[in-house]
Structure formats: structure tokens, C-alpha cells
Protein chains: 2
Amino acid sequence: MKENITIKQIAQESNVSMATVSRYLNGTVTVSDEKRQQIEAVIAKYNFTPNTNARSLSLGRTMTLGIVIPDISNPYFYSLFLEIQKEATLNGYTILLYNTSFQQNRKEPEEEEYFQKLIQYRVDGVLVLGGQIDLASPSPSYLQALNRLGDSLPVVVMGHPIPESPCHFLDPENGSGVTTLFHYLYSLGHRNIAFIGGNAGVRITETRLAAYKKLLDLHRLDSQPDLVVLTDYYSQDGYQAALSLMEKSCPFTAVIAANDNVAIGAIRAFGDKGFSVPYDISIASCDHFSAGEYSIPRVTGIARDTYLLGRLLIDTLLQNIRGTSEDISIDFSSSLWEGESCRTLGK
Amino acid sequence: MKENITIKQIAQESNVSMATVSRYLNGTVTVSDEKRQQIEAVIAKYNFTPNTNARSLSLGRTMTLGIVIPDISNPYFYSLFLEIQKEATLNGYTILLYNTSFQQNRKEPEEEEYFQKLIQYRVDGVLVLGGQIDLASPSPSYLQALNRLGDSLPVVVMGHPIPESPCHFLDPENGSGVTTLFHYLYSLGHRNIAFIGGNAGVRITETRLAAYKKLLDLHRLDSQPDLVVLTDYYSQDGYQAALSLMEKSCPFTAVIAANDNVAIGAIRAFGDKGFSVPYDISIASCDHFSAGEYSIPRVTGIARDTYLLGRLLIDTLLQNIRGTSEDISIDFSSSLWEGESCRTLGK
DNA sequence: CATATTTATGAAAGCGCTTTCATAAAGGTG
DNA sequence: CACCTTTATGAAAGCGCTTTCATAAATATG
């Protein structure tokens, strides 16, 4: 292992001062040709790379952005992340990623620990994408930790705004996806539409559920509690939800699922019980991604524009860091991707 | 935004020296009750958190581990990551994650940049999981960057060993999965077995392909070049591969796919052309994960023990950091998970 | 050519923390 | 009780970098 070599040593060996080496490295000021060559030679000789910690300490700025994300393997979050990372890099920032594997019933306050760490690392800004913020009522200690974070740094949160918080909020879920799906299924003739969403108590679910109920109301349809099953976002959850839907005796011909994975799990469960999608049951997903394009049948669903959203998130944060805070609002384009999982009723 | 407060200010306001505050924070030495209380009060008042950069600088150690991973959304890598993160945290390390979104034909040398950054950040150790190292012949500049990384820090690489490298290598792929699948399909009566693997030129693919060819040989079966299609690891690749398999006139009754996603894409393609899995064609996956458990039909495949592997990787790195380097070798348990995508031939 | 301006450079202070060294106070020993 | 440990504390140096301030050299200006 090579011992760490410092600017000081580079300076000595190339017969210049530390200041000059530093200036050469940062290009802040022109260095004479002669010295530049000496310096370059010595740097190359030792493969020298400046110590970022020391630099940050001296600069009072780390050029690092923290991002706290509940489940990076979730395609929705992953695509947001990719866009954010790209934009951050272009602006000279390095990303410090914390994947919290947030699960509702988990005891460990992982997110709070990560908030604390981000403060300690003195990152220049933080992006919080979902997680406990999405719970209908986040724990007091979480809220305190988030506020403390917002007090120390520029923070942009993707989720429902919390009153009096020093953070900035951006809430892309307004139930419009459910509305689109509902109208679509309704126009195909479906009147008994079930809803298998994400976890109860989670904001996004509540919003979608509210939209769902409002639509039932609008169309003068009865709201059947038995047609609502809330679970989680994985295939196994869709599977379980579909089973429980079938156990109840309330009839239904169509299902709105929280995302593609849930829809795929449900298709599997229906199939296992002898029902076919879309012939017996239609199913559509609130959150389309590539998994739904290769399943059998392909899952019809709402494709959200993560490209735009990711960009908006990082841009907002960068603006915050630069102090030119300015509230933006954008209509998120989302479109219906049609597979074969829905079918006109009664044909 | 709160201005940053330092140990010095805490010390002044609680009438002790900086040294005492530092000692209190790190618990290195007992501090008298009286002073401790003063200090605690002032810290609470300001919500003070020590600056990690300064700490690292002074300590010459960052308690940070770098991990470079080609695609964290890939379930295989994600499960490795979760295990690694858990173990690292338990040992007091924070993870700096770089997702390279490595793609073979990409021009940008992302990985090399990240190696450089990790050196600059003076992380205490690095884990490189796949990526360009998996190419049959990584570029010279990549190798140089990797070696430079290994020269500066303890580095553990998951991938095929490179001679003379200062890094440690751990190569979990030996083709045994393909062997298991082949025997399984053979025992079901299949003799015309196709292989749709990951990218050509990638080590893991070559290893699996070599195993595949050796098995054909062993069973005295003809090796048909038309039955081998190399693409990538996503569903769309499986889809394309299956199409191209059907275009050729070489008959086959079974397919070994690189992973579940590829298998699912292939099933889709066969279906689109009027063939049913498993009735017309059997298909099995080298890398089983949950996606294959909910597809229709469920995909039979090799489940690799990522729990064990992740643990081995991080343990090896930690040992390296502690200087107690010791080569371990473990047999990776992998087991056959049976779905419904394979069927006895001719019944 | 004398003076004013620009440019290249170095010395040294400072970023926020840890730790060595020194010292004073407290406790233990025969 | 004199002496030796142990324990709690502070002063100050040092980690590797940036940057201000000062200075010397080079160039421009009238």
C-alpha cells in the first residue's frame, strides 16, 4: 500500500510553494510554464491525488449531495435516481446514496440515522425520496430528524408537505393516474372495479384511494369495502391481495393495482384459481414500468414521466443550494400504456 | 440555515477545553460529571454534530467504504448490496455507493472516474462488483485505473482475477449453474438445448458458454452455433434472442436463459409466435429471483446464495483493511428452484 | 525613463477535529 | 505522612488543503 503523499511533498520536490501547487491543481491562477512542468512531473511520479476531506474542510463545501431513497431496486425510484445522478454529476457534485430499505413495520429508525450522517458529512444538499414521509402520520422522531436536517442544509423532499418544515416539498402524486385508469375501465363497460393498492397508512395510497372513491361517487356506483385490499408493492403482495379479493363474495370484473409487480402477482393468483386475465378479469396498473411489458398478458398501466420528475427534483435542489430558491410547479405528463390486461366487458 | 457550530464554540460556552469536548464525544476517556453535563447542555442547545471531514482528516481514516456496482436495480446486485450494507454498518462503516450503469458499448469511462474519486475521498476500502472487469478483455485504461486503486487502498473485486494486480479477487461464477440446468433438462429428455446468455465478450457469459459446450460434448451432442444467442440481461433481450432463435431453422426443445428477465422475455416472444412454454418449449434460468416466481409460467432456475456471497465479499474486505488478509474459499450453495417452465419431453 | 498596473509566487493563517505532552488533583500504599 | 499511581484536564501541534496578504518581477502607460 502506498503511503499518502501530500501537496506539501509535491511542493518541496518541485521547488515551489504549496500555494502554487494548489493553484495549479485548481487552475485558479496561471502558473508559469517552467513550474507547471516540474509540478506535473512530480505529480505523475507519485500518482498524487488531493485529499477531498482536507479540501472540503478548507472550502467549507463538500460538493456532495445526499440522497435518501427507500428502495433503489424499485424501478420507479431507480429511474429517478439515474436522472438525478446524471444531472448532479454534470454540475460537479458527487452523490452519497442511502438506500433505507424502508419498510413500514421496521423498528430501526434507519432514515433518521442517515439524516444525521448527512449532516455530519456536511453534504451541500439532500434529496429525500419517499420513505417514512409517505406515511399518513410519520413518527414524531422522524419529523424532528427531518426538520433538523432541513435546518442544517437545503433539503428537497418528494412527498406530501409538512407544515412549518424548513424543507422544500414536491408532491407528484395527485391521484390523476387512478382517475385515468378508472375512466378507461369504465369506458370498457366495467362497473365493479376493485382496488389493490400499496400499504394502508401510506400517503400515496390514501391519495389514490380517495380518487378511487370519488370516482365511484361521481359515477353513482356503490363503494364496496370488500373491493379494496391494501398491501405492499411487490408481486407477492399482489398475489395475496388477489386471493383475498376472491375469498370475499363481492363480484368484480376489473382491478386497479398499485404497480406492475402487484398486477403481475394478481394475474398469477387469478390464474391459479382458474380465472383468466383479461377474459374473466381486467387489470390495470397505477405505475407502469418495463416488467409489465413482458408479462403474460402485458399489463396496461400509467407510465409516469420519471425523467422529468427526477430532473425537477435535482434542479430544485441545486437552485436551493445556490440560494435562488424559486417555487416551480409542473404538470407531470403521464400516459396510458396499453397492454392486453384489460378488455371490453361482455364481449 | 443554521451556521455551522464547532467544537471550539461548544468548549468555550461550557467552560472546558476543546480536548475535553472531543474526549466526551468519542468516549475515549471519562469526563467528570460536572463538565459532562455542561457539555451535553450546550451540545443540545445548538444541536451540534461534529464535522466528519475534519475528523477523518485528523484521524487519517474515514470509516467509509466505497462500492462500485454496474446496475443496482439488478436483483442479483441489489441483494448483494443489502447484505454488504448491513454488515458494513454493523462494523461502523458508511457506504459510498457508485452505480455505474455500466453498459458495454458506452464510451464514458465512468468506472475509472469513480475509482479516482474513491481515492480522493480516501475511503478505507473498496468493493468492485462486476462491471468492466467482467469483459473478456477490459480496456488497458480500466486495468490501469483498477490497479492504481488497488495500490492506494484495500480492494476486493468480484470477478475474474487479473494477474499481477494488487487487488483481491473473488470469482463466484464457475458454470456449475449451467451444469445443473443442463443435467436437469437432459434428464427430462431434452437433447436440443439452446443457450441465450448475457453479452458476448463478458466473462461470466464465456464461462457459462464453455460449460454449456463441454456438456454437449460430454453427452455426445452436436454443438449447433445457431442455438447460441448472446444479448444482454433484460427482458427485451430475451425477447429478441428468442425471436432470432426461431428465425433460424435449427430445431430445439429447451432453452437455458441468462436470468429470469431474459427467460420472461423469451416466453413472451415464443407466445407471440404461437409457441407455448412449457408445452412446446422448456426454458430455465441461470439466475433465479423473485420475478420468475410470478410469471406465467413460473420460471425454473438456479437460485444463487447472494446472502452468503455478499457476506463473504464484505468480510474479505474488512479483513483486508485490518491487515489480517487471509484467502478464503467457499463453495457457493446454489439450488434449483422449480417453476413450471420445463416439462418432460414428448409426454 | 519613472510610475502605475498586472502577474506570479511564497509565507502563514485557518478550516474543525484528535491526540500528545504536561500538569494538577485525587487516590492508594506501606 | 511521604511517595507513587491513577485520573481529569488544558495547551498546542498537526492532519492536508485553500486563500489572504505581502512581495517581487514583469509589463504597460504617459
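Letters A, B, ... are given to chains in the order of the sequence lines, protein chains preceding strands, and every chain is numbered from 1. Quick caveat: nothing in here was measured; it's all calculated off a predicted structure. Both backbone and side-chain heavy atoms feed into the values below; hydrogens, waters and symmetry mates do not.
- Under a 3.5 Å cut-off, the side chain of B:S165 and the backbone N or O of B:P161 do not form any donor-acceptor pair.
- The backbone N or O of B:V202 sits nowhere less than 3.5 Å from a side-chain atom of B:D134 that would complete a donor-acceptor pair.
- The stretch residues 29-40 of chain B has no heavy atom under 4.0 Å from DNA chain C, so no residue of it qualifies as close.
- The main-chain N or O of A:V68 is never found under 3.5 Å from a side-chain atom of A:E111 such that the two would form a donor-acceptor pair.
- Residue A:N53 has no polar side-chain atom (N or O) positioned under 4.0 Å from OP1 or OP2 of D:dC17.
- Side-chain atoms of B:S79 come within 3.5 Å of backbone atoms of B:Y76 as a donor-acceptor pair (strictly under, hydrogens ignored).
- The separation between A:N51 atom CG and D:dC15 atom P is 12 Å, rounded to whole Å.
- Remark: the backbone N or O of B:Q120 is paired with a side-chain donor or acceptor of A:T52 at under 3.5 angstrom.
- One can place CD of A:Q12 at 13 Å from C1' of D:dG16, the figure rounded to the nearest angstrom.
- A:Q120 has its CD atom 13 Å from the C1' atom of C:dC17, to the nearest Å.
- A donor-acceptor pair is defined here as one N or O able to donate and one able to accept, closer than 3.5 Å; such a pair exists between the side chain of A:N91 and the backbone of A:E87.
- Distance CG (A:N15) to P (C:dA11): 12 Å, rounded to an integer number of Å.
- Considering every non-hydrogen atom in both B:E112 and B:S139, the closest pair reads OE2-OG, 3.9 Å.
- When all heavy atoms of B:L135 and B:P138 are compared, the pair lying nearest together is O-CD, 3.5 Å.
- In this structure, the side chain of A:S14 does not engage the main chain of A:V16 through any donor-acceptor pair within 3.5 Å.
- Shown here for A:L146 and A:C167, the closest heavy-atom pair between the two residues is O-SG, 3.7 Å.
- Under the 3.5 Å distance criterion, the side-chain polar atoms of B:T316 are matched with a main-chain donor or acceptor of B:L312.
- Under the side chain to side chain contact (heavy atoms under 4.5 Å, CB included) test applied with B:Y98, the options A:L97, A:T94, A:I95 reduce to a single match, A:T94.
- End-to-end axis angle of the helix from C:dC1-D:dG30 to C:dG30-D:dC1, using five pairs per end and rounding to 10°, comes to 30°.
- The side chain to side chain donor-acceptor pair (under 3.5 Å) test with B:Y121 is passed by exactly one of A:N53, A:N51, A:T64: A:T64.
- Side-chain atoms of A:D71 come within 3.5 Å of backbone N or O of A:S73 as a donor-acceptor pair.
- B:D124 is linked by a side chain to side chain contact (heavy atoms under 4.5 Å, CB included) to B:R61, B:T62, B:M63, B:L65, B:Y93, B:I321, counting only residues two or more places apart in sequence or in another chain.
- At a non-hydrogen distance threshold of 4.0 Å, B:A54, B:R55, B:S58, B:L59 from residues 54-63 of chain B come into contact with DNA chain C.
- Distance NZ (B:K8) to C1' (D:dA12): 12 Å, rounded to an integer number of Å.
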Write out a two-atom table: protein N or O, nucleotide N or O from nucleotides 25-27 of chain C, distance below 3.5 Å.
none

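- Shown for residues 16-25 of chain A: residues whose heavy atoms fall under 4.0 angstrom of DNA chain C, namely A:V16, A:S17, A:A19, A:T20, A:R23.
- In this structure, B:Q85 contributes its side chain and A:N99 its backbone to a donor-acceptor pair below 3.5 Å.
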